[in-house]
Amino acid sequence: MTGKIIRGVAGFYYVDVVGSAIYECRARGIFRKEGIKPLPGDNVEIEVTHEQDKEANITRILPRKNCIERPAAANTGQALLIFSLDDPRPSAGVIDRFLIRMMKQDLDIVICFNKRDIASDEDAIRWADVYGKA
């Protein structure tokens with residue numbers, strides 16, 4: 001049976017199997033041995049151990065489209081980057097690093113600047129000019 005990991009908490013992974021249910025799963029030891037950690041967003045194969053309790057084991061992680069580190073997630077399609085215009089002021093270096101990381105993962109990127117009400121018009125226009133074209 002295949003599904004998608006929708007959440008991981010303390011070694012338990014919750015896998016949504018479309019048309020069936022959400023199963024509470026544990027990852028097999030082989031993943032730890034190979035240094036692979038299941039992530040939310042991963043498409044996986046599971047083996048049901050207790051149908052009544054909706055418990056299963058993850059037996060295989062299917063190939064990933066991409067993988068981001070913070071927050072840890074796989075097969076992501078879009079990144080929403082939110083930065084304040086003031087208090088604290090944005091850092092172009094930090095924004096650029098995020099953009100580069102997300103572009104390497106082939107993600108659609110949306111940049112949102114908040115706290116417009118306390119920022120000067122000049123700052124808002126400057127940041128929009130710099131990143132509006134990116």
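Just so it is clear, the values below take in all heavy atoms, side chains as well, and ignore hydrogens, waters and symmetry mates. Owing to the predicted nature of the structure, the values given are computational and were not obtained by experimental measurement.
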Problem set entry | Arg64 side chain reached by Leu39 side chain, heavy atoms, under 4.5 Å | yes
Could you list the donor-acceptor pairs under 3.5 angstrom formed by side chains in residues 93-108, with sequence neighbours left out?
residue: Asp96; atom: OD1; partner: Tyr131; partner atom: OH; Å: 2.6
residue: Gln105; atom: OE1; partner: Cys67; partner atom: N; Å: 3.1
residue: Gln105; atom: NE2; partner: Cys67; partner atom: O; Å: 3.2

Exercise. In Å, rounded to the nearest 0.5 Å, how long is the span from CG of Asn75 to CD1 of Ile68?
Worked result: 10.5 Å
Problem set entry | Gap between atom CG of Asn57 and atom CD of Glu45 - 0.5 Å precision | 13.0 Å
Exercise. Under the side-chain contact (heavy atoms from CB on, under 4.5 Å) test, which residues partner Ala21, sequence neighbours left out?
Worked result: Tyr23, Lys54
Problem set entry | Pair Leu62-Val44, side chain to side chain contact (heavy atoms under 4.5 Å, CB included): steps then yes or no | CA-CA 5 Å; Leu62 300 175; Val44 296; 5.8 Å; no
For this session: Sort and list the pairs that fulfil side-chain hydrogen bond (donor to acceptor under 3.5 Å, both in side chains) and have at least one residue in residues 26-41, not counting sequence neighbours.
Result: none
Seminar exercise, completed: So salt bridge (Lys or Arg N to Asp or Glu O under 4.0 Å) across residues 112-129, not counting sequence neighbours, yields Arg89-Asp123, Arg116-Asp121, Asp123-Arg126
Problem set entry | Closest contact, heavy atoms only, Pro40 versus Ala72 | CD-O, 3.8 Å
For this session: Provide the closest heavy-atom pair for Trp127 versus Ser91 in the form atom of the first, atom of the second, distance.
Result: CH2-C, 4.4 Å
Show every donor-acceptor pair shorter than 3.5 Å between a side-chain atom in residues 4-17 and any protein atom, with sequence neighbours excluded, or say none if there are none.
residue: Lys4; atom: NZ; partner: Gly41; partner atom: O; Å: 3.4
residue: Lys4; atom: NZ; partner: Asn43; partner atom: OD1; Å: 3.1
residue: Tyr14; atom: OH; partner: Glu24; partner atom: OE2; Å: 2.9

Could you pull out all donor-acceptor pairs under 3.5 Å where a side-chain atom in residues 78-87 meets a protein atom, sequence neighbours excluded?
residue: Ser84; atom: OG; partner: Pro88; partner atom: O; Å: 2.4

Exercise. Hey, which of Arg60, Met1, Glu55 is the one that makes side-chain contact (heavy atoms from CB on, under 4.5 Å) with Ile46?
Worked result: Met1
